[in-house]
Undergrad: 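What follows is a single structure, and I will ask about it in a moment.
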Amino acid sequence: MSDRESNGVDFVRARVAEDVKNGRFGGKVQTRWPPEPNGYIHLGHAKGIWLSFGIAEEFGGACKLRFDDTNPTKESVEFVEAIKEDVAWLGYEWEEVVFASDYYEQLYDWALTLIRDGKAYVDSLSREEISSFRGTPTEPGRNSPFRERPVQENLELFERMRAGEFPDGTHVLRARIDMAHPNLNMRDPVMYRILHARHHRTADRWCIYPTYDWAHGQSDSIEGVTHSICGLEFENHRPLYDWFLDQLGVWHPQQVEYNNLNMTYTLQSKRNLRAMVEEGIVNGWDDPRMPTIRGIRRRGYTPQSIREFLVRVGVSKTEIMVDRGLLDFCLREELNRTARRVMVVLDPVKVVITNYDEGATETFHAEENPEDPAAGSRPLTFSREIYIERDDFMEDPPKKFFRLAEGREVRLKHACYITCNEVVKDAGGTVTELRCTYDPESRGGTTPDGRKVKGTLHWVNAADAVPVEVRLFDHLFTREDMVNLGDRDFREFLNPGSRTVLTGAMAEPGVRGLRPGERCQLLRHGYFVADESDSEPGRPVLNRITGLRDSWAKASGRS
RNA sequence: UGUCCCAUGGUGUAACGGUAGCACUACGGAAUUUGGCUCCGUCUGUGGGGGUUCGAAUCCUCCUGGGACAGCCA
């Protein structure tokens, strides 16, 4: 797959390329993508996936999917399976699936090595004491009274920790570095804590678990990782990452940090995402409005459009807030080329063509995709009664309204010209029917006299129209920056119109053939996907992925 | 009053020390059987002060602004 921009290479790739060129790591590239299986992954994760898997792919290397399962209290197999599915859906193939827990024994042995070397010790301070002994960013920490424990005692205590002789929180194993270090991560970081918890893979074989800092770099080393690509938030951890590897004298990967992806109108913190699901603000983790991979998948975005989006966003070390519109642009760009066109009237109003014979019928041919002649065409039945969009008619049309009005002529897409002669309304003044005449000469959409019409409307034949449910989605929030909320709550910015369900829509018969997950363009409306969960055979539920660019909406000041 | 990181149009991202470019957005126009697509055009940028240099977005320095770090989370 070619995800590379022709012009310019991001700094991560530049760095990898340089290492390859210089023969560092033997010219090899080995990466890993290390999620913690404690939740569903989202678009932010997709960037990390794209980088780690993408770079390995581009440089002829390999990438492992490694679950960083060092905290049994929050992790589960359910998430392991979900994450595998999501990565695969994005289009990436892992060299193999591995787990940090596969390395627990090796990690333990290495911890023993550090203890013997006087580089680690068992601390018996309470959690609170450890915290207060750590100092603050501006004040140095203080040594624990247990810091000078003899090696033998540390060894014995550590073994007893593993043996389960102590309750949670009574002891930890710490690296012995420098309690006055200006980088807080270097102030004797915790390597192991006691957790009598059942692990989703190792069950109850362990009751001490390695921390991220202790497990991560060493796992990378075991796998022969060359470039350990992670978020900017781990920048301050790199000195510690390097320290452990140096003490052990083992394979030493290069950690490289990139900027995480933030998008306008979207919230990506796991905690808040969870809250939205639990509070019923959205309908589950795969709600089409969610930024989770499952959500954007159900919404209808394609893996290719996501990758293209990532390419266009690029990589740097600046904190960013990307315009969500860019994702939509990428989706439209792809689907414009590949999606079939379909006519669906969202809010129908009946049109009776008074000079068309009752009971008569004729067939027009409509191109499936004007951008792709090879896609061919489909037949469309036309008759005396059809539906058009209620919005496509106005009684008192403003200056630049190019659609139907009394006395005006418009084209019905792929069919003919019609002119409106009479408006029928109910007692409440609502338009119930438009009585029009058509020009038999205009069959096919043009007339011999070459006269032009300003508007072309989509329509469906009343006799064989099929009712479909259509769901329109919009931003979940009304505020662009949902990352820096200060002391405000995300619930203050919920968009009440983020989901609209239309039940009166009428579609051309062909929509019955839409398979769940299949995408199409509803002419003049936007790109839609047949919902993967709620569509039934012959009766698709259509999710709007994104609308078409709509210069009329802008000009007329509507949404 | 610590360490580390960052700073180019509205947004994102380029530019061996040598013409600040590309994309998205916005706006204008052309064309149009989708008010889509396409095509053409326009607006907006190197955070500030010093220094090095023939020449600085780029190198040095100070400042300003922003961010990360005080979990036995990752």
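Each chain gets a letter, A, B and so on, in the order the sequences are listed, and its residues count up from 1.
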Undergrad: If you measure from the P atom in B/G18 to the same atom in B/C60, how many Å do you get, rounded?
TA: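 Going atom to atom, P in each nucleotide, I get 15 Å.
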
Undergrad: Please evaluate the base of B/U38 for a donor-acceptor partner in the side chain of A/Glu371 within a cut-off of under 3.5 Å?
TA: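 Answer is no: no donor-acceptor pair is held.
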
Undergrad: Provide the Watson-Crick or G-U wobble partner of B/U11, both distances under 3.5 Å; none if there is no partner.
TA: B/A23

Undergrad: Any N or O donor-acceptor pair under 3.5 Å from the base of B/A68 to the side chain of A/Asn236?
TA: yes

Undergrad: Does any donor-acceptor pair link the side chain of A/Arg403 with the base of B/G35 at a separation under 3.5 Å?
TA: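 Yes, a donor-acceptor pair under 3.5 Å.
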
Undergrad: For A/Tyr417, is the NZ or CZ atom of A/Arg411 found under 6.0 angstrom from the centre of its six-membered ring and inside 45 degrees of the ring axis?
TA: no

Undergrad: Is there a side-chain contact between A/Thr73 and the phosphate of B/C73, meaning an N or O under 4.0 Å from OP1 or OP2?
TA: no

Undergrad: Does A/Thr211 place a side-chain N or O at less than 4.0 Å from the phosphate oxygens OP1/OP2 of B/C72?
TA: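 For A/Thr211, the contact criterion (side-chain N or O under 4.0 Å from OP1 or OP2 of B/C72) is not met.
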
Undergrad: Confirm from the modelled atom types if A/His237 and B/A68 form a donor-acceptor pair under 3.5 Å, side chain to base only.
TA: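 No.
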
Undergrad: Suppose you measure atom C1' in B/G47 against the same atom in B/A30; what distance do you get, rounded to whole Å?
TA: 40 Å

Undergrad: In terms of ring plane angle, is the pair A/Trp33 and A/His45 parallel, tilted or perpendicular, where the classes change at 30° and 60°?
TA: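 Perpendicular: the ring planes of A/Trp33 and A/His45 meet at over 60°.
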
Undergrad: Looking at A/Trp214, A/Trp206, A/Trp110, A/Tyr192, which hits ring-ring contact (aromatic ring centres under 6.0 Å, His included) with A/Tyr104?
TA: A/Trp206

Undergrad: Would you say the base of B/G35 stacks on A/Trp552 (centre-to-centre below 5.5 Å, plane angle below 30°)?
TA: yes

Undergrad: Let's test your reading of the model: under 3.5 Å, does the base of B/G10 pair with the side chain of A/Glu480 as donor and acceptor?
TA: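 A donor-acceptor contact between them is absent.
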
